[in-house]
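Working notes for the structure below.
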Amino acid sequence: MFLPKSGGTKIPEGLRELAEVARKETYEGAQSNWPFILDTELAKARQIEQDFPALKGREIQQAVIASFVHSQPIGKKADLNELFVLVGATNPDRITLERALRRWVDVSWFLDESNFPSDDKALPKTWRLGSRPNLQQMHDVACTDRVKVETVESLLNTLIGKAKDLTAGASAAGAKVHNLPVKPSDIEDDGEFHFAVLGPKCASMSGNPSAEAKRYLEETTRADRPRVNKNAVVLAVPSRDGLDAARATVRSYLGWEEVREMLKGQELDEVRRVRLQGNTEKSRSDIMEAIKNAYCIVVTQSAAGDIQAFKISPSDEPLFLTIKGDSRSRVEDTPVSADALLPGGPYDLWQQGQTSKRIKDLVGAFAQVPKLPKMLRRGKILETLVDGARQGFFVLRQMRPDKSFRTIWRQEVSADDIEKDPSWEVVLPESAQLEEIPALLLTPEALPELWPASKQIAVSDAVNYFAGSKYVATRRAASDGTMYDETVPIPSARSEAVQAGVQAAVEAGKLWLISGVASICGEPIPTGVLTDAALLYAPPQPMDVNRLTPEQLPAAWQGNQTTALGLANQLSVAAGKALPWPVVRDAIDGAIRARLLERTADSGPWPCPLSGAGAVKLQRPQNVPVPVTPPPVVTKPGTFTAEGEVQSQELMDLADSLGEVLKSAVPNTLRLNVRIELGGEPKASEAKVKAINAILAKVKKGLELK
């Protein structure tokens, strides 16, 4: 008889009469408007029941009426168990009922909050409807009547600007970041990658970007000045629903601040004071979470060229990292491979028949062409071009002020230098002409198929290599690290450029040239010596100074004397070809410093060019013991020997393999003879020799340095 009719909102007569009787009772000199209180609380109960359709017996309305009855006369209250008994006739689901009752606690205007627990998820142990509005009622009124829209918008914009999660990680990833730009021109149209967080005016929905958001992608300074580099801009905007939720959160916080202002100067009981403080702090902390959840729409250019808006799922990581990880954004932070920039590559950057392309246009294409990925770091594309030229995928060409060209192929160049000059071009190797050949490119092992296994070529071979029709097989590394063979073209070069490269390589000591009787390495080539028939070799190895002694080179000596020219001639005879003078000169100089040789009193000046070598007289140093040369080892018939100088690491490798060698030698006998030398500058001290001999004695008695 106390419940309104199903679907009705009017208080039944029986309940109204009871409310009027209770109304006549005064409390602290005033009467309570119980009909209004019941109207208000029953309306809230009906709304709660709509949100919990499983409560078909109107249990929350029953709880309102039961609380009212148990609150009479003023000061009385109902226990939680009594409330469950009164509404339990319909046998509702206990968990659902508790959740619905907790909702009523949160929205009620007249439940006595002095009975509310500190846990905002628990149910009060006692229930009482009071005549005095509680904090929730004051908050709702403040939100409706006292909080202005302008204040909400102002605070919302301020807090969006302070939300670090919206921009965190973007700058470190390589993006230029714009937080709440005021107009499209605030985002530069410079081809760099830009990430912008737009304000509430740009709110959009998935599949429906707002006109204001689209302006930031389509315009620069005015509508008639369109943005060129659309593909380099990604926008984060709030969803309309999310923005409404964020506004509601801001309004709730401001409402609690208004309640605090309304109660200023009044004496609050401890329960109300703690509840007010907790509600204020919680509502403020909820704002940042609501803002983060609101920014779930990405507006950017699609691969088809239109402006798209899509929704992302909020996560614990910063917004930009979530956007970058979504394939629909097409944001790339890894360098592209050099071969991908060639004709026929996945990016399709070249027109039919095109053989050269400005680097500025090639790099800029990633910011302009919709089907290309959005590159986070523009510099990575330049680095790819530099690496591609280093590997020989293409030639880089720069026009100098005098209209001549500088070319880069299989050599180093700075990406910064390229970016500063818009004249740089990428040229396909089969169509490029190299203006210069670096000396390093002509050395053995530098270029595929230039040097045969014999390590000897003619100058004409180098010229023909760059004739413009050469294709060679080279090894390439795939993206997964595997190696494969590829046939690639060699750029052309004028014969003068190749010869200039040869001359530079010989002069720098990177190549050895023999032309007739001339043998040049590490010094300028005289005019007329560099011919097409001249032969090129790898530079000779530094010579062992012991080879200059009479014991090693007797033909160069007459008694105890020789000349620098005589040593040079006999060393060339032993080598089978004329040796470059710098190699012989360095060996003689080393022998003099090692006190193996000395100049005679009537010797010519030293050091000297080859033309003065005949005047440089040398002899054994006086009063220096002549080193004893061990007699040659005579090998018995049927005996095989292996002899050679080994490094310390190689000796350790031999020790590791000795077991296998001994096993393979059975039943034959394997003997090892070891010669250990300690030399070099400065001369080893006696203490060092003793220390080493002590170690060697542990290996074999009598094995020592002498």
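As the structure is a computational prediction, the values presented were derived from the model and not from experiment. By convention here, the first residue in the shown sequence is residue 1.
- Annotation: the span from Leu450 atom CG to Ile490 atom CD1 amounts to 9.0 Å, rounded to 0.5 Å.
- Rounded to the nearest 0.5 angstrom, Leu618 CG and Leu596 CG are separated by 11.5 Å.
- The heavy-atom pair separating Pro429 from Gly392 by the smallest distance is CG-O, 4.0 Å.
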Under 3.5 Å, sequence neighbours excluded: what are the donor-acceptor pairs made by side chains of residues 503-510?
none

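- No hydrogens or angles considered: a donor-acceptor pair under 3.5 Å links the side chains of Trp606 and Asp589.
- Ion pairing between a basic and an acidic side chain is recognised when a charged N comes within 4.0 Å of a carboxylate O; Arg377 and Glu192 show no such pairing.
- Under the side-chain hydrogen bond (donor to acceptor under 3.5 Å, both in side chains) criterion, Arg585 pairs with no residue, sequence neighbours left out.
- Between the Asn693 side chain and the Glu704 main chain, no donor and acceptor come within less than 3.5 Å of each other.
- Between Leu385 atom CG and Lys357 atom NZ the span is 11.5 Å, to the nearest 0.5 Å.
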Do Asp421 and Ile418 pass the side chain to side chain contact (heavy atoms under 4.5 Å, CB included) test, and can you show the C-alpha distance, the side-chain angles, and the key distance before you say yes or no? CA-CA 6 Å; Asp421 187 350; Ile418 293 177; over 6 Å; no
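- In this structure, Lys176 places its NZ atom where more than 12 heavy-atom neighbours from other residues, nucleotides or ligands lie under 6.0 Å away.
- Separation of atoms CD1 (Ile359) and CZ (Arg397) is listed at 11.0 Å; rounding is to 0.5 Å.
- A heavy-atom distance below 4.5 Å is not found between the side chains of Pro542 and Val583.
- Judged as a side-chain hydrogen bond (donor to acceptor under 3.5 Å, both in side chains), and not counting sequence neighbours, Lys577 has no contacts.
- Two residues are said to be in side-chain contact when any heavy atoms from C-beta on lie closer than 4.5 Å; Pro343 and Leu428 meet this criterion.
- Within the structure, the salt bridge (charged side-chain N to carboxylate O under 4.0 Å, His left out) test picks out the following pairs touching residues 596-613 (sequence neighbours left out): Asp602-Lys617.
- The side-chain heavy atoms of Asn231 and Phe366, taken from C-beta on, include no pair separated by under 4.5 Å.
- Interatomic distance, CG of Asn560 versus OG1 of Thr600, reported as 10.5 Å (0.5 Å rounding).
- Within the 3.5 Å criterion, the main-chain N or O of Asp461 finds no donor-acceptor partner in the side chain of Asn464.
- Heavy-atom neighbours of Gln558 CD from other residues, nucleotides or ligands within 6.0 Å: at or below the threshold of 12.
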Under the criterion salt bridge (Lys or Arg N to Asp or Glu O under 4.0 Å), I'd like the reasoning laid out for Glu436 against Arg406: C-alpha separation, chi angles, the key distance, then a yes or no. CA-CA 8 Å; Glu436 55 187 13; Arg406 172 192 178 192; 5.1 Å; no
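- Side-chain contact between Val363 and Arg378 is present, with heavy atoms from C-beta onward closer than 4.5 Å.
- At most 12 heavy atoms of other shown residues, nucleotides or ligands fall within 6.0 angstrom of atom CD in Gln541.
- Across Ala533 and Ala458, no two heavy atoms sit closer than the pair O-CB, 4.5 Å.
- For Ser519 (side chain) and Ala578 (main-chain N/O), a donor-acceptor pair under 3.5 Å exists by modelled atom type.
- Pairs passing the ring-ring contact (aromatic ring centres under 6.0 Å, His included) check and including a residue from residues 535-585, sequence neighbours excluded, read Trp512-Tyr537.
- In this structure Asp586 satisfies the side-chain hydrogen bond (donor to acceptor under 3.5 Å, both in side chains) test with no other residue, sequence neighbours excluded.
- Between Glu677 and Arg675 there is a salt bridge, with a side-chain nitrogen of the basic residue lying less than 4.0 Å from a carboxylate oxygen of the acidic one.
- Under the 3.5 Å distance criterion, the side-chain polar atoms of His194 are matched with a main-chain donor or acceptor of Glu188.
- Between Ile437 and Val498 the shortest heavy-atom distance is CG1-CA, 4.0 Å.
- Qualifying side-chain contact (heavy atoms from CB on, under 4.5 Å) partners for Pro452, counting only residues two or more places apart in sequence or in other chains: Ser454, Ile457.
- For residues 380-389, the side-chain hydrogen bond (donor to acceptor under 3.5 Å, both in side chains) pairs, not counting sequence neighbours, are Asp387-Arg390, Asp387-Gln391.
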Go through the steps for Phe394 and Val427 under the test side chain to side chain contact (heavy atoms under 4.5 Å, CB included), then give the verdict. CA-CA 6 Å; Phe394 33 69; Val427 187; over 6 Å; no
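- No side-chain heavy atom of Ile520 sits under 4.5 Å from any side-chain heavy atom of Ser515.
- Taking every heavy atom of both residues into account, Leu442 and Leu511 meet most closely at O-CD2, 3.7 Å.
- In this structure, Thr443 contributes its side chain and Ala446 its backbone to no donor-acceptor pair below 3.5 Å.
- Annotation: side-chain hydrogen bond (donor to acceptor under 3.5 Å, both in side chains) contacts involving residues 521-532, sequence neighbours excluded, comprise Gln499-Asp532.
- Applying the side-chain hydrogen bond (donor to acceptor under 3.5 Å, both in side chains) criterion to Lys455, with sequence neighbours excluded, gives Glu445.
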If you apply the rule side chain to side chain contact (heavy atoms under 4.5 Å, CB included), what do you find for Met543 with Leu571, and how did you get there? CA-CA 10 Å; Met543 191 174 298; Leu571 286 170; 3.3 Å; yes
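- Under the ring-ring contact (aromatic ring centres under 6.0 Å, His included) criterion, no residue pair touches residues 685-706, with sequence neighbours excluded.
- Residue Phe405 holds its CZ atom at 6.5 Å from CD of Glu425, rounded to the nearest 0.5 Å.
- Taking every heavy atom of both residues into account, Ala591 and Val545 meet most closely at N-CG1, 3.6 Å.
- Looking only at distances, a side-chain donor or acceptor of Arg330 sits under 3.5 Å from a matching main-chain atom of Leu372.
- With sequence neighbours left out, Lys324 forms a salt bridge (charged side-chain N to carboxylate O under 4.0 Å, His left out) with Asp333.
- Taking 4.5 Å as the limit, some side-chain heavy atom of Leu396 sits within range of a side-chain heavy atom of Val426.
- No side-chain donor from either of Asn546 and Gln552 sits under 3.5 Å from a side-chain acceptor of the other.
- In this structure, Asp485 contributes its side chain and Ala473 its backbone to no donor-acceptor pair below 3.5 Å.
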Kindly determine whether Asn229 and Phe193 satisfy side chain to side chain contact (heavy atoms under 4.5 Å, CB included), including the steps that lead there. CA-CA 9 Å; Asn229 299 291; Phe193 184 90; over 6 Å; no
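- No side-chain heavy atom of Val488 sits less than 4.5 Å from a side-chain heavy atom of Tyr471.
- Nearest heavy-atom pair, Ser171 versus Val177, reported as atom, atom and distance to 0.1 Å: N-CG2, 3.7 Å.
- Proximity of Thr562 to Leu553: side-chain heavy atoms (C-beta onward) are nowhere separated by under 4.5 Å.
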